[in-house]
Asker: 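Once you've had a glance at the structure underneath, I'll fire off some questions.
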Amino acid sequence: MARERVNVVWLKKDLRLQDHEPLMRAEQSELPYIIIYLFEPGLMAHPDCSTRHLQFIYHSLLEMQRHLLPYNLKVHIVNAEAIEAFQIIQSQYDIVQVFSHQESGIQLSWERDKKVAQWFKELDIIWKESQRDGILRGIKNRDDWDKQWYSNINLPLIKNEFTVADRIIHLNHSFELEASLLNDLSAYPNQFQPAGETNAWKYLKSFTADRGKNYQRHISKPSESRTSCGRISPYLSWGNISIKQAVHHVKLHPNYEHNKRAFNGILTRLKWHCHFIQKFEVECEYETDCINRGYELLNRDQNPAFLKAWKTGKTGYPLVDACMRCLIETGWINFRMRAMLVSFLCHHLDQDWRDGVYFLARQFLDYEPGIHYPQFQMQAGTTGINTVRMYNPIKQSMDHDPEGHFIKKWVKELEDIPTEFIHEPFKMTSMEQNLYGLVLDEDYPSPIVDLAESGKKARAKIWGHRKHPTVKEENQRILATHVRRNTSQSRTNRKKRT
């Protein structure tokens with residue numbers, strides 16, 4: 001008996017029902033289609049993955065399920081490696097086409113995709129991948145990338161419409177999630193931003209309606225940014241909303257003229273979002289290797305005690321500790337505070353960036369490989385082409401949390417310390433410590449490094465290494481690959497020179 005011919009929509013980081021080209025293609029085809037999401041054991045075991053990521057994904061899928069049910073459609077949540085899952089589907093149905101978005105993921109997911117593509121080819125299954133957020137696959141340099149990005153992002157949004165299928169297509173094979181995994185995924189901590197497409201739009205609309213008016217003023221403030229920033233980064237990372245949807249909404253919103261500076265600020269950052277993912281798409285080695293190979297020659301200290309203090313928020317520097325504890329608890333801190341955490345780890349503590357990169361990836365609810373790894377290396381000073389920023393956590397604290405409200409919220413040991421000592425509690429005398437009920441090294445640690453000394457050593461080390469011949473040679477390669485040039489302007493300049 002001939003198997004029923006079907007198409008498959010393979011969801012990846014596109015957990016939404018609107019502005020979704022693979023779903024549109026499936027609807028336009030003449031065949032019934034199966035929608036699947038894969039919880040792949042290999043990817044879940046990778047050190048960048050955490051339960052909070054999987055929970056966000058799972059609850060996004062549950063929302064999609066609820067909205068698809070009236071159309072006799074469902075998302076089949078599959079616990080299997082990709083080829084294994086498609087083999088099971090193929091044993092029951094005749095897969096004709098697979099629709100998905102391209103995934104700009106880690107090396108592991110790229111290797112997975114190549115194996116799946118080969119398997120599809122052997123079975124004459126057509127795999128149609130749609131571009132994600134204007135990211136281009138296979139380019140060797142950034143010439144005219146900006147122009148192409150704007151052309152893509154200004155295209156009309158896809159309005160997905162669904163017809164009622166004659167039945168729900170079921171898979172006979174059991175792909176059920178393991179009980180322990182299902183228990184972990186079913187729970188969703190209240191301290192995290194709620195998952196799903198509906199919540200993505202709630203956050204974006206509240207930003208344009210009112211929250212965003214102070215975006216530029218508060219973007220660097222650890223407390224105020226939690227309200228004034230867009231806070232749509234988790235939804236972009238897991239595809240509850242597309243970059244195109246966000247850009248169109250902000251640009252066309254009635255409040256744009258009233259809040260032009262703030263709205264242009266977030267539009268710029270939406271562009272940067274794609275800019276860094278495109279970097280990673282071209283060189284996914286950002287995850288594991290210094291992108292400037294010359295920095296592999298730079299020796300770093302290996303101090304497990306420093307790493308433990310940094311990861312647990314017990315460095316003796318209040319803003320560093322507050323940021324780490326807040327991130328672990330809520331999954332989000334603003335960009336400047338993220339940069340400060342990385343800078344402190346790599347410069348003041350002199351630790352290799354790889355010793356912290358996966359730890360922070362697991363904490364960020366909005367973990368996006370294409371942003372995380374290039375940004376981490378920028379802040380660690382291993383690109384060779386970017387200005388080395390060495391954040392002084394005391395200065396950052398005084399500038400952006402002058403009254404210590406953020407510190408006191410997240411470092412409870414310091415909640416009764418007066419403002420004059422909140423940034424530098426180690427300056428309190430023994431009498432003052434007793435007066436305020438805080439004994440250093442018992443209730444709260446003394447600083448694990450001296451900032452003046454560690455900063456001086458770091459500057460000499462990092463800036464000195466920039467002169468290394470291998471670093472200089474690599475700089476030229478990186479500039480040729482990643483700096484955006486306008487080819488038409490380049491042609492004009494060449495004509496002028498001739």
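As a basis for the values below, the full set of heavy atoms in this structure was taken, side chains included, without hydrogen atoms, waters or symmetry mates.
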Asker: Strictly below 4.0 Å, N to O, side chains only: are E103 and R137 in salt-bridge contact?
Answerer: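 No, no charged N to carboxylate O under 4.0 Å.
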
Asker: Is there a donor-acceptor pair under 3.5 Å between the side chain of R231 and the backbone N or O of S225?
Answerer: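 Not confirmed, R231 side chain does not pair with S225 backbone.
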
Asker: Would you say the side-chain atoms of H20 pair up with the backbone N or O of D14, donor to acceptor, closer than 3.5 Å?
Answerer: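 Here the side-chain-to-backbone pair exists.
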
Asker: How are the rings of Y188 and F192 set to each other: parallel, tilted or perpendicular (split at 30° and 60°)?
Answerer: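 Ring orientation of Y188 relative to F192: perpendicular.
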
Asker: Run the side-chain hydrogen bond (donor to acceptor under 3.5 Å, both in side chains) test on S233 and D366 for me, step by step, so that the C-alpha distance in whole Å, both residues' side-chain angles and the decisive distance to 0.1 Å come before the verdict.
Answerer: CA-CA 5 Å; S233 53; D366 58 8; 2.7 Å; yes

Asker: Any chance you could lay out the side-chain hydrogen bond (donor to acceptor under 3.5 Å, both in side chains) test for Y444 and D321, step after step, and finish with the verdict?
Answerer: CA-CA 11 Å; Y444 184 71; D321 297 340; 2.5 Å; yes

Asker: Taking D146 first and then K271, would you say they form a salt bridge - that is, a charged N and a carboxylate O separated by under 4.0 Å?
Answerer: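 A salt bridge links D146 with K271.
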
Asker: Between T382 and Q377, is any side-chain donor less than 3.5 angstrom from a side-chain acceptor?
Answerer: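 A donor-acceptor contact under 3.5 Å links the two side chains.
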
Asker: Is there a donor-acceptor contact under 3.5 Å from the side chain of N334 to the main chain of R338?
Answerer: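 Pair absent, no side-chain N/O of N334 close to backbone of R338.
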
Asker: Whether R293 and E296 form a salt bridge (side-chain N of Lys/Arg under 4.0 Å from carboxylate O of Asp/Glu) is what I want to check.
Answerer: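 No, this pair does not count.
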
Asker: Verify the neighbour count for atom CD of Q302: are there more than 12 heavy atoms of other residues, nucleotides or ligands below 6.0 Å?
Answerer: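 Counting neighbours around CD of Q302, 12 or fewer heavy atoms of other residues, nucleotides or ligands fall under 6.0 Å, so no.
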
Asker: Within the distance-only criterion (no hydrogens, no angle test), does the side chain of D443 pair as donor or acceptor with the backbone N or O of E413 below 3.5 angstrom?
Answerer: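 No; zero donor-acceptor contacts below 3.5 Å.
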
Asker: How about H46 and Y358: are their ring centres within less than 6.0 Å of each other?
Answerer: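 Yes - the distance between ring centres of H46 and Y358 falls below the 6.0 Å cut-off.
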
Asker: For the residue pair A200 and I241, what are the closest heavy atoms and their distance?
Answerer: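 Of all heavy-atom pairs spanning A200 and I241, the closest is CB-CB, 4.1 Å.
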
Asker: Are any of the side-chain nitrogens in E403 or K409 under 4.0 Å away from the carboxylate oxygens of its partner?
Answerer: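 Looking at K409 together with E403, the answer is no, because their closest N to O distance does not fall below 4.0 Å.
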
Asker: H348 side chain to A452 main-chain N or O, any donor-acceptor pair under 3.5 Å?
Answerer: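 No.
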
Asker: Please check if any side-chain donor atom of T198 sits under 3.5 Å from a side-chain acceptor atom of E63, or the reverse.
Answerer: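 Per modelled atom types, T198 and E63 side chains form a pair under 3.5 Å.
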
Asker: Quick one: do F344 and C323 satisfy side-chain contact (heavy atoms from CB on, under 4.5 Å)? Show the steps, please.
Answerer: CA-CA 12 Å; F344 187 78; C323 286; over 6 Å; no

Asker: How long is the span from the CD1 atom in I407 to the NE2 atom in H423, to the nearest 0.5 Å?
Answerer: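 Between I407 CD1 and H423 NE2, I get 6.0 Å after rounding to 0.5 Å.
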
Asker: Taking only residues two or more places apart in sequence or in another chain, which ones pass salt bridge (charged side-chain N to carboxylate O under 4.0 Å, His left out) with R52?
Answerer: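 Applying salt bridge (charged side-chain N to carboxylate O under 4.0 Å, His left out) to R52 gives none.
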
Asker: Would you call the rings of Y286 and F280 parallel, tilted or perpendicular, taking 30° and 60° as the class edges?
Answerer: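 Tilted.
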
Asker: How close do Q193 and P234 get, counting heavy atoms only, and between which atoms?
Answerer: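 Heavy-atom minimum between the residues: OE1-CG, 3.6 Å.
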
Asker: Pick out which of R459, K456, K461 makes a salt bridge (charged side-chain N to carboxylate O under 4.0 Å, His left out) with D350.
Answerer: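 That would be K461.
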
Asker: Using a strict 4.0 Å threshold on nitrogen-to-oxygen distance, state whether K457 and E453 make a salt bridge.
Answerer: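 Salt bridge between K457 and E453, a charged N being under 4.0 Å from a carboxylate O: yes.
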
Asker: What distance separates N199 CG from L204 CG, expressed to the nearest 0.5 Å?
Answerer: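 Answer rounded to 0.5 Å: 12.5 Å.
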
Asker: For the side chain of S130 and the backbone of H101, is there at least one donor-acceptor N/O pair under 3.5 Å apart?
Answerer: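 Judged by distance alone, no pair lies under 3.5 Å.
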
Asker: Going by salt bridge (charged side-chain N to carboxylate O under 4.0 Å, His left out), name the residues that satisfy it together with E40, two or more places apart in sequence or in a different chain.
Answerer: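 Salt bridge (charged side-chain N to carboxylate O under 4.0 Å, His left out) check on E40 returns R112.
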
Asker: Does any donor atom in the side chain of S104 or E281 lie under 3.5 Å from an acceptor atom in the other side chain?
Answerer: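 Distance-only check passes for S104 and E281.
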
Asker: Does a donor on one side chain sit under 3.5 Å from an acceptor on the other, for H482 and Q278?
Answerer: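 Judged by distance alone, the side chains do not pair up.
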
Asker: Say whether Q148 and S151, considering side chains only, have a donor N or O and an acceptor N or O under 3.5 Å apart.
Answerer: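 Side-chain D/A pair, Q148 to S151: absent.
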
Asker: Under a 3.5 Å threshold, yes or no: a donor from one side chain and an acceptor from the other, between T208 and H249?
Answerer: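 Judged by distance alone, the side chains do pair up.
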
Asker: When the aromatic ring centroids of F207 and Y215 are compared, is their separation below 6.0 Å?
Answerer: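 Centroid distance F207-Y215: below 6.0 Å, so yes.
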
Asker: Are any non-hydrogen side-chain atoms of W353 and C290 less than 4.5 angstrom apart?
Answerer: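 Yes. Closest side-chain heavy atoms under 4.5 Å.
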
Asker: Give the intermediate values and the outcome of side-chain contact (heavy atoms from CB on, under 4.5 Å) for residues N141 and T481.
Answerer: CA-CA 5 Å; N141 57 54; T481 303; 5.8 Å; no

Asker: The test is side-chain hydrogen bond (donor to acceptor under 3.5 Å, both in side chains); show your working for N386 and T383 and say whether it passes.
Answerer: CA-CA 6 Å; N386 299 105; T383 68; 2.7 Å; yes

Asker: Kindly indicate, with the supporting measurements, whether the criterion side-chain contact (heavy atoms from CB on, under 4.5 Å) is fulfilled by M44 and L181.
Answerer: CA-CA 11 Å; M44 290 192 293; L181 176 59; 4.0 Å; yes

Asker: Between Y436 and F421, how do the two ring planes meet: parallel, tilted or perpendicular, split at 30° and 60°?
Answerer: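 Geometry flag for F421 against Y436: tilted rings.
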
Asker: For E473, does the CD atom sit with more than 12 other heavy atoms under 6.0 Å from it, leaving out its own atoms?
Answerer: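 Not buried by this count: 12 neighbours or fewer within 6.0 Å.
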
Asker: Which atom names give the shortest non-hydrogen contact between A380 and V342, and what distance separates them?
Answerer: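 Here A380 and V342 meet closest at N-CG1, 4.0 Å.
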
Asker: Looking at K395 and E424, is any side-chain nitrogen of the basic one under 4.0 Å from a carboxylate oxygen of the acidic one?
Answerer: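 Looking at E424 and K395, the cut-off is not met.
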
Asker: Looking at OG1 of T288 and CD of Q107, how far apart are the two atoms once the value is rounded to the nearest 0.5 Å?
Answerer: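 It comes to 7.5 Å.
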
Asker: Where the side chain of H400 meets the backbone of R336, is there a donor-acceptor pair that is under 3.5 Å apart?
Answerer: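 No; judged by distance alone, with no hydrogens or angles, the pair does not exist.
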
Asker: Angle class for the Y373/Y367 ring planes (parallel below 30°, perpendicular above 60°, tilted otherwise)?
Answerer: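 Ring orientation, 0 to 90° scale: perpendicular.
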
Asker: Going by heavy atoms in the side chains, are V282 and W145 under 4.5 Å from each other?
Answerer: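 No, every pair of side-chain atoms sits at 4.5 Å or beyond.
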
Asker: Within the side chain of E287, is there an N or O that forms a donor-acceptor pair under 3.5 Å with the backbone of C284?
Answerer: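 No.
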
Asker: Any luck finding a side-chain donor-acceptor pair between R211 and S206 under 3.5 Å?
Answerer: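 Note: R211 and S206 side chains meet the donor-acceptor criterion.
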
Asker: Would K12 and D113 count as a salt bridge (Lys or Arg N to Asp or Glu O under 4.0 Å) here? Give the steps.
Answerer: CA-CA 11 Å; K12 293 185 175 182; D113 281 352; 3.0 Å; yes

Asker: Test N292 against N475 for side-chain hydrogen bond (donor to acceptor under 3.5 Å, both in side chains), laying out the working first.
Answerer: CA-CA 7 Å; N292 184 309; N475 284 351; 2.7 Å; yes

Asker: Does the side-chain contact (heavy atoms from CB on, under 4.5 Å) test come out yes or no for N303 and L349, once each step is laid out?
Answerer: CA-CA 8 Å; N303 191 319; L349 300 187; over 6 Å; no

Asker: Calculate, to the nearest 0.5 Å, the distance between atoms OG and CD belonging to S430 and Q433 respectively.
Answerer: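 These two atoms lie 5.5 Å from each other.
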
Asker: Sub-3.5 Å donor-acceptor pair from the side chain of Q18 to the main-chain atoms of N160, do we have one?
Answerer: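 Yes.
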
Asker: Identify the two heavy atoms, one from I371 and one from H273, that lie closest to each other, and give their separation to 0.1 Å.
Answerer: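 So the two residues come closest at CD1-ND1, 3.2 Å.
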
Asker: Check whether the ring centres of F56 and Y235 lie less than 6.0 Å apart, and answer yes or no.
Answerer: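 Yes; Y235 has its ring centre under 6.0 Å from that of F56.
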
Asker: Any side-chain heavy-atom pair from V388 and Q379 closer than 4.5 angstrom?
Answerer: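 With C-beta onward as the side chain, the pair stays apart.
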
Asker: Counting distance only, does the side-chain N/O of R16 pair as donor-acceptor with the main-chain N or O of W238 below 3.5 Å?
Answerer: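 Flag not set: sc R16 to bb W238 has no pair under 3.5 Å.
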
